Amino acid sequence: MLEGWGYRRVRFVLFRARVPMTDLLLRGRILSFLREPEGVEDASSCLYEEDGALLIKDGRIAAMGGFSAVAAKPAADVETIDHRPHLIMPGLIDAHVHVPQMQVIASYGAELLDWLSNYTFPEEGRFRDAQHARRVARMFVDEMMRHGTTTVAAYCSVHKASAEAFFAESGARGLMVIAGKVMMDRNAPDAVLDTPRSSYDDTKALIGAWHGKGRLRYAITPRFAITSSPEQMEMAGALVREHPECHVQTHLSENHAEIRWTEELYPEARDYTDVYQRYGLLGPRSLFGHCIHLSEREADAMSESGSVAIFCPTSNLFLGSGLFDYFRYKRRERPLRVATATDVGGGTNYSMLRTMDEAYKVIALNGPKIDPLRSFWQLTRGNAEALSLADHVGTLDVGTDADLVVLDARATPAMKLRMERAETLAEELFVLQTLGDDRAVSEVYVAGRPVKSTLAAAPA
Ligand code: GUN
Ligand code: ZN
């Protein structure tokens with residue numbers, strides 16, 4: 001443990017030393033959303049500067065606009081980085097992902113419940129070993145950086161050490177993340193079980209140690225109703241009452257067999273959502289993964305409480321869970337707040353560009369298409385609003401944290417060739433979404449520091 005902490009500190013110092021904290025002036029094409037776009041013609045929903053610039057001071061955006069206006073502001077000691085002709089946008093946000101599933105991704109041939117028992121629970125059992133947890137946390141953050149994701153809402157394993165490793169790594173690298181250890185006390189192997197009491201005590205200790213430390217936030221994380229006894233759900237409810245500042249995250253209505261089993265385990269509940277509702281787990285900071293098969297009553301309960309439904313398209317396709325009806329939820333009389341996410345390792349890619357490509361196809365199978373402006377709003381400001389973080393990340397507003405992604409729509413020969421036929425910003429965004437992946441992420445900034453270009457130099 002001591003050795004791990006020492007190592008981490010040294011690495012943090014090296015990281016800081018490589019990139020001195022002078023002011024930065026970034027030049028490029030800048031794009032940030034002001035509100036949710038109503039369609040591809042809705043230019044007033046975003047701010048776009050063809051020759052734009054951002055001035056970054058102390059990790060925050062100090063000025064944003066046309067290059068000549070922004071460049072006139074800074075005094076001495078400014079380093080200018082020219083990203084033209086690339087797009088500079090707010091860093092991408094992944095609203096639901098599992099850190100201990102990096103070695104579960106690409107596990108063949110199962111629906112949710114078998115996939116959990118055959119692959120996921122055995123793998124998560126390995127995170128009892130704190131050294132393993134630290135190694136994977138480091139590699140997970142590397143993948144985030146490679147793919148342009150600067151904020152995640154993450155599930156760690158049941159082991160306190162797994163959450164400690166992820167918070168320590170994220171904190172050392174200056175990231176804004178929401179994370180929590182899963183609470184699970186039944187219907188899984190002993191190696192991944194806690195108890196109602198220990199899950200309460202460990203969560204309480206983790207909140208005390210990490211929530212609000214720098215940019216870190218804690219999510220109270222009962223894994224899902226199947227793996228939490230009523231006693232543990234009571235504990236989760238108590239934690240939510242005692243810590244209203246924290247998020248809550250869990251899974252809801254992903255798969256038909258899961259729904260049936262949940263209803264058997266909680267026969268007094270009106271439906272799956274009511275299980276969580278009864279224990280006080282719905283609310284504006286509550287993030288529900290999947291929500292594919294909600295009834296109208298359940299959707300009303302989600303809407304009235306301000307809870308967030310999280311759409312994980314690559315996972316829903318991979319596990320054969322179903323087709324999330326994005327516009328059904330967003331256009332109903334009582335709309336739902338919706339975010340998008342990878343759900344690695346049920347999800348099949350770390351890239352939020354790949355995720356929105358699959359989201360486009362799933363949405364199309366339900367009828368209307370999602371346009372590229374709305375897609376990129378969703379990946380940035382939309383997901384930040386859903387996570388209640390939009391005052392800090394998800395836009396290029398002055399005063400917010402300088403978490404940025406620089407996107408290159410000509411990153412591969414095929415993209416370059418396709419771009420010869422792209423005439424508008426919306427077309428370029430759609431090429432990025434449809435053909436892009438980590439290769440299209442030219443640079444990433446976390447709190448004003450370039451991080452993707454320094455990855456190769458990091459220790460393995
Ligand atoms: N439901 C409960 N746990 C999980 C998980 O790890 N992944 C997915 N996709 N669904 C879950
Ligand atoms: Zn999940």
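Values in this document were obtained by computation on a predicted structure and should not be read as measured data. Residue numbers start at 1 and run along the sequence shown. First listed ligand is number 1; within each ligand, the first listed atom is number 1.
Within the listing of ligand 1, atoms 1 (N), 8 (C), 9 (N), 10 (N), 11 (C) sit less than 4.0 angstrom from a heavy atom of E254. Ligand-side atoms of ligand 1 in range of F224: 1 (N), 2 (C), range being under 4.0 angstrom from any heavy atom. Counting the atoms of ligand 1 from 1 in the order shown, those under 4.0 Å from a heavy atom of D343 are 8 (C), 9 (N). Ligand-side atoms of ligand 1 in range of H98: 5 (C), 6 (O), 7 (N), range being under 4.0 angstrom from any heavy atom.
Heavy-atom separations between H290 and ligand 1 include at least one value shorter than 4.0 Å. Using a 4.0 angstrom heavy-atom cutoff, W115 counts as in contact with ligand 1.
Taking CG from L373 and CG from L425, the interatomic distance works out to 6.5 Å, rounded to the nearest 0.5 Å. Taking OG1 of T380 as the reference point, atom CE of M89 lies at 4.5 Å (rounded to 0.5 Å). Put simply, CG on D408 and NE2 on H86 are 4.0 Å apart, with the number rounded to the nearest 0.5 Å.
A ring-centre distance under 6.0 Å is not found for Y329 and F311. In this structure, H132 has its ring center under 6.0 Å from that of F127.
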Test salt bridge (charged side-chain N to carboxylate O under 4.0 Å, His left out) applied to D142 and R138, step by step: CA-CA 6 Å; D142 285 353; R138 187 170 79 245; 5.4 Å; no
Under 3.5 Å, which donor-acceptor pairs link side chains of residues 98-107 to any protein atom two or more places apart or in another chain?
unit_1 : atom_1 : unit_2 : atom_2 : d
H98    : ND1    : Q101   : NE2    : 3.3
H98    : NE2    : H96    : NE2    : 3.3
H98    : NE2    : H251   : NE2    : 3.3
H98    : NE2    : D343   : OD1    : 3.2
Q101   : OE1    : G345   : N      : 2.9
Q101   : NE2    : E124   : OE2    : 3.0
S107   : OG     : V104   : O      : 2.5

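Scored by the salt bridge (charged side-chain N to carboxylate O under 4.0 Å, His left out) test, E254 finds no partners at all (sequence neighbours excluded).
What sits closest to atom 3 (N) of ligand 1 on the protein, heavy atoms only, is R223 NE, 2.8 Å. Looking from atom 1 (N) of ligand 1 to the surrounding protein, the closest heavy atom is H251 CG, 3.4 Å.
Here I226 has no heavy atoms under 4.0 Å from ligand 1, in either its backbone or its side chain. By the criterion of a heavy-atom distance under 4.0 Å, the side chain of L112, and not its backbone, is placed next to ligand 1.
Evaluated for a side chain to side chain donor-acceptor pair (under 3.5 Å) with Y272, the options R260, Q277, E263, E258 yield exactly one hit, E258.
The number of protein N/O/S atoms found under 2.8 Å from the Zn ion (ligand 2) is 4.
Counting non-hydrogen atoms of neighbouring residues, nucleotides and ligands closer than 6.0 angstrom, the CZ atom of R60 reaches no more than 12 such neighbours.
A salt bridge (charged side-chain N to carboxylate O under 4.0 Å, His left out) check over residues 233-244, counting only residues at least two apart or in different chains, returns the pairs K204-E242.
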